[in-house]
Amino acid sequence: MPELPEVETTRKSLLPLVRGRTIETVEVFYDGVIKNMPALEFCQTLTGQRIEDVNRRGKYLLFHLSGGYSLVVHLRMTGQLVFLGPGGLPGPNARLVFFLSGGGQLRFMDTRKLGTVHLVPTGCWKQAGGLAELGPEPLEEGFTLEAFVGLLKNSKCAVKSLLLDQRRIAGIGNIYADEILFAAGINPRRPANGLDPVERERIYNAIRDKLGQGLQHRGTTIRDYVDGKGERGDFQEHLQVYSRAGKLCQRCGATLVKCVVAGRGTVFCPRCQR
DNA sequence: ACAATTACCTGTATGC
DNA sequence: TGCATACAGGTAATTG
């Protein structure tokens with residue numbers, strides 16, 4: 001499940017491999033991945049454009065192209081963007097293949113077909129998908145404690161729901177939400193507007209800590225995630241709660257409990273997160 | 001206006 | 001062994 005650390009790791013690994021290369025040919029194996037135009041128009045528009053830069057916003061990857069267009073990619077659950085040498089079979093999960101100048105190819109693979117691609121004029125890349133409504137980047141300087149407190153005060157929803165709401169904070173998904181709340185010692189069901197100042201600051205610090213740790217470990221590979229070079233992350237070896245239901249809390253020894261919050265599987269420690 | 005639920009998808013795990 | 005079912009979850013669309 002690519003979240004901010006996984007998408008950013010993909011961006012960083014792809015950038016030196018694809019920047020400056022020209023898209024010579026595009027092959028579409030699953031039309032449904034392209035959300036805002038027919039496949040033929042998509043291929044024709046992309047052909048001949050050079051990749052100038054690769055950016056990230058929330059969980060979206062943005063490929064800015066020389067011809068005035070930007071390719072906006074969301075990996076959703078099982079999407080992978082991998083750079084490979086020339087040749088080789090595309091494989092059953094290949095949805096798009098971009099053949100690049102210099103002999104390499106950028107493959108978008110996605111077992112579950114939930115990933116999305118938009119091709120938009122660079123000047124209005126915010127119109128693609130849900131980009132227009134994304135909240136602040138949690139690792140940027142503008143995301144202060146005061147800004148975070150402002151988000152919490154007006155919302156009575158469960159604090160985990162708030163962390164997952166991309167309109168409020170961009171980039172946090174189910175894995176990091178559970179890890180953040182464990183690190184902060186906060187029960188996922190606690191109403192956001194019922195937290196005291198000390199608790200708010202613990203969550204704020206945990207957001208930065210856990211996303212930063214995820215980045216340092218080059219992401220979490222539970223099953224599908226790999227970066228732009230096809231390499232797995234290793235933060236899964238450091239998870240405290242996610243995917244550990246029924247196992248023992250490494251802090252207090254209690255048995256970790258699984259429940260449903262905001263419609264998603266949620267693991268927490270009933271003793272450390274009351 | 002806001003919150004909860006369903007649709008989109010398929011590989012994996014589980015139950016009978 | 002084979003088949004049916006539940007589950008995984010990010011986001012858009014729908015329902016309450």
Side-chain angles (χ1 to χ4, degrees), chain A residues 1-8 10 28-36 56-62 72-81 90-96 108-118 120 125-135 137-138 151-181 188-194 211 214 219-226 232-233 235-236 239 241-247 256-268:
Chain A
M1 285 121 307
E3 306 179 27
L4 188 154
E6 289 74 32
V7 178
E8 178 64 12
T10 299
V28 180
F29 295 91
Y30 173 60
D31 286 9
V33 70
I34 307 162
K35 295 301 180 184
N36 68 332
R56 180 191 60 77
R57 178 77 174 92
K59 302 174 191 172
Y60 292 85
L61 275 171
L62 311 168
V72 180
V73 179
H74 197 300
L75 302 173
R76 293 284 182 101
M77 305 297 297
T78 57
Q80 304 173 333
L81 272 172
N93 293 326
R95 309 302 175 205
L96 299 171
F108 177 64
M109 292 172 289
D110 186 16
T111 301
R112 288 174 61 179
K113 298 182 173 178
L114 293 173
T116 64
V117 172
H118 292 75
V120 296
W125 56 264
K126 288 184 178 178
Q127 289 178 6
L131 266 170
E133 299 175 18
L134 279 188
E137 287 289 329
L151 294 175
L152 294 172
K153 280 194 296 193
N154 297 324
S155 182
K156 60 178 186 290
C157 70
V159 60
K160 175 166 176 175
S161 302
L162 186 141
L163 292 179
L164 290 173
D165 185 350
Q166 303 301 300
R167 295 168 299 183
R168 294 194 170 98
I169 311 172
I172 298 173
N174 205 36
I175 297 173
Y176 290 92
D178 277 7
E179 295 299 315
I180 287 164
L181 291 172
R189 290 191 201 272
R190 288 280 301 281
N193 61 1
L211 294 178
T220 303
T221 301
I222 301 290
R223 181 176 298 164
D224 297 286
Y225 169 72
V226 292
R232 298 161 59 88
F235 193 56
Q236 67 279 2
L239 297 178
V241 284
Y242 182 86
S243 81
R244 297 192 70 247
K247 296 181 179 175
L256 299 176
V257 172
K258 183 163 191 174
C259 65
V260 175
V261 178
R264 287 174 197 142
T266 299
V267 185
F268 68 102

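Letters go in sequence order (proteins before strands), and every chain restarts at 1. Predicted model, so just to flag it, every value in this text is computed and none were measured. As a basis for the values below, the full set of heavy atoms in this structure was taken, side chains included, without hydrogen atoms, waters or symmetry mates.
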Q: Can you give me the closest heavy-atom contact between K35(A) and G115(A), atom names plus distance?
A: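 So the two residues come closest at CE-O, 4.4 Å.
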Q: Can you pull every protein N or O that's under 3.5 Å from an N or O on nucleotides 14-16 of chain C?
A:
none

Q: So which atom in L114(A) and which in R76(A) form the shortest heavy-atom distance, rounded to 0.1 Å?
A: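 Closest approach of L114(A) to R76(A): O-CG, 3.0 Å.
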Q: For the pair made of CG in L75(A) and C1' in dG10(C), what is the distance, rounded to whole Å?
A: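 About 11 Å, once rounded to whole Å.
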Q: What's the CZ-P distance between R264(A) and dA6(C), to the nearest Å?
A: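 It works out to 21 Å between those atoms.
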Q: Over how many whole Å does the gap from L164(A) atom CG to dG10(C) atom C1' extend?
A: 9 Å
Q: Just checking G32(A): base, sugar-phosphate only, or nothing, at a heavy-atom cut-off of under 4.0 Å?
A: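 Nothing, no heavy atom under 4.0 Å.
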Q: Any cation-pi pair here, R95(A) with Y30(A), using under 6.0 Å and within 45°?
A: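 R95(A) over Y30(A) ring: yes.
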Q: CZ of R168(A) versus C1' of dT11(C): gap in Å, rounded?
A: 16 Å
Q: What is the separation between atom NE2 on H74(A) and atom C1' on dG9(C), rounded to the nearest whole Å?
A: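 Spelled out: NE2 on H74(A) to C1' on dG9(C) is 11 Å.
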Q: Check the distance between dG10(C)'s P and L131(A)'s CG and give it to me in whole angstrom.
A: 17 Å
Q: For the pair Y225(A) (side chain) and E6(A) (backbone), establish whether a donor and an acceptor sit closer than 3.5 Å, ignoring hydrogens and angles.
A: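 It does hold such a pair.
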Q: Is the ring pair H74(A)/Y60(A) parallel, tilted or perpendicular, if the boundaries are 30 and 60 degrees?
A: perpendicular
Q: Specify the separation, in whole Å, of atom CD of E133(A) and atom C1' of dT11(C).
A: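 Atom-to-atom, E133(A) to dT11(C), this comes out as 11 Å.
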Q: Rounded to whole Å, how long is the line connecting atom CD of E6(A) with atom P of dG10(C)?
A: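 Between P of dG10(C) and CD of E6(A): 10 Å.
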Q: Side chains of N193(A) and S155(A): any donor to acceptor distance under 3.5 Å?
A: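 Their side chains do not contain a donor-acceptor pair, so the 3.5 Å distance test is not met.
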Q: Do R57(A) and E137(A) sit within salt-bridge range, that is, some charged N less than 4.0 Å from a carboxylate O?
A: yes
Q: Kindly give the atom pairs (protein nitrogen or oxygen, nucleotide nitrogen or oxygen) under 3.5 Å for nucleotides 7-11 of chain B.
A:
residue	atom	partner	partner atom	Å
dC9(B)	OP1	Y30(A)	OH	3.4
dC9(B)	O2	R112(A)	NE	2.8
dC9(B)	O2	R112(A)	NH2	3.0
dC9(B)	N3	R112(A)	NH2	3.3
dT10(B)	OP1	K113(A)	NZ	3.2

